[in-house]
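Worth saying up front: this structure is predicted, and the values here are computed from it rather than measured.
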Amino acid sequence: MAAGTTATVVKTIGLRRILKWCIAAMAVLAVPTFFAGYLFISLFSTPAAATEPEGGTGNIPEGAWVVPLEGVYIITSPFGYRPDVYPHDHFGIDLSNGCGQTVRAATAGVVTFSGWTTGGWGNRIIVAHADGSKTGYAHMQMGSLLVKEGDAVEAGQPIGLAGNTGVGSGCHLHFEAFINGIRVNPVPFMSERGVTF
């Protein structure tokens with residue numbers, strides 16, 4: 001386009017009107033661009049490492065059991081049948097205090113599974129303990145798993161970050177307890193080991 005033609009277009013339409021259109025176009029494009037960037041960062045960035053519980057794990061006596069989620073939390077779903085979200089038997093409890101909170105090993109043991117799994121759990125870790133029981137931790141954030149199969153863990157050791165992977169309705173830790181390979185209610189299971197929710 002020739003310089004004279006551009007000047008004619010600007011003169012005909014008006015510089016102020018062109019500037020208003022440019023500003024409006026930038027505003028319209030800014031919102032989806034912001035959300036696209038946020039989505040990309042949320043899905044593909046590596047979250048900050050889980051923090052060690054206050055005082056570290058050294059102050060936890062050997063053989064002790066601890067709450068598997070750091071900080072103040074609420075139980076958002078108990079063990080048993082759930083008619084909401086989609087009707088199903090809920091074989092664990094959901095502990096919630098927000099995205100990115102530190103998930104801790106409930107007691108010492110050896111990791112028998114760490115990774116993505118089907119069945120709605122998303123990122124999941126299972127730890128076998130000396131008394132023959134196992135504990136499970138599910139829905140953890142992408143890229144946040146800090147242990148792998150075969151690793152030994154201590155009570156209270158950070159193993160990942162609470163998230164919403166798999167099937168869920170918000171960030172939380174889905175915590176499970178197993179006796180002889182059968183999932184049992186974690187509330188009395190943990191109570192017998194000195195931890196109340």
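In this structure, Arg124 pairs ionically with Glu176, as a charged nitrogen and a carboxylate oxygen lie closer than 4.0 Å.
For the pair Asp131 (side chain) and Ser133 (backbone), a donor-acceptor distance under 3.5 Å is present. Using modelled atom types, one side-chain atom of Ser144 and one backbone atom of Gln141 make a donor-acceptor pair closer than 3.5 Å. In terms of modelled atom types and a separation under 3.5 Å, the side chain of Ser114 and the main chain of Val147 share a donor-acceptor contact.
Interatomic distance, Leu146 CG to Met140 CE, rounded to the nearest 0.5 Å: 8.5 Å.
Between Trp121 and Phe113, the gap from one ring centroid to the other reaches at least 6.0 Å.
Tracing side-chain contacts under 4.5 Å through hydrophobic residues (I, L, V, M, F, W, Y), one reaches Met190 starting from Ile159; they form part of the same cluster. Clustering ILVMFWY residues whenever any of their side-chain heavy atoms sit less than 4.5 angstrom apart, transitively, puts Ile93 in a cluster other than the one holding Phe178. Hydrophobic clustering keeps Phe175 apart from Ile126 (ILVMFWY residues linked when any side-chain heavy atoms are closer than 4.5 Å, directly or through intermediates).
Looking at Leu161 and Val103, their side chains never come closer than 4.5 Å, going by heavy atoms from C-beta outward. Using a 4.5 Å cut-off on side-chain heavy atoms (C-beta onward), Met142 and Asn123 make contact. Thr165 places a side-chain heavy atom less than 4.5 Å from the side chain of Trp116. For the pair Tyr73 and Ser96, the minimum side-chain heavy-atom distance is 4.5 Å or more. Side chains of Gln157 and Arg104 form no contact here, defined as non-hydrogen atoms less than 4.5 Å apart. Counting heavy atoms from C-beta on, the side chains of Phe197 and Val67 come closer than 4.5 Å. Contact check for Trp65 versus His129: side-chain heavy atoms found under the 4.5 Å cut-off. Inter-residue side-chain proximity for Leu95 and Ile75 is flagged as met; some heavy-atom pair is nearer than 4.5 Å.
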Derivation of the side chain to side chain contact (heavy atoms under 4.5 Å, CB included) call for Ile74 and Asn97: CA-CA 7 Å; Ile74 59 170; Asn97 65 355; over 6 Å; no

Intermediate values then yes/no, side chain to side chain contact (heavy atoms under 4.5 Å, CB included), Thr102 and Leu69: CA-CA 6 Å; Thr102 301; Leu69 189 64; over 6 Å; no

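Taking every heavy atom of both residues into account, Thr135 and Ala106 meet most closely at CG2-CB, 4.4 Å. Among all heavy-atom pairs drawn from Ala128 and Thr112, the shortest one is CB-CG2, 3.7 Å. Between Gly98 and Ala162, the shortest heavy-atom distance links the atoms O-CB, 3.9 Å.
With Val127 as reference, Val111 is the one residue of Val110, Asp151, Thr107, Val111 to meet the side-chain contact (heavy atoms from CB on, under 4.5 Å) rule.
Side chain to side chain, His139 and Asn164 fail the donor-acceptor criterion of an N or O pair below 3.5 Å.
Applying the disulfide bond (SG atoms under 2.5 Å apart) test to pairs two or more places apart or on separate chains, those with a residue in residues 132-197 are Cys99-Cys171.
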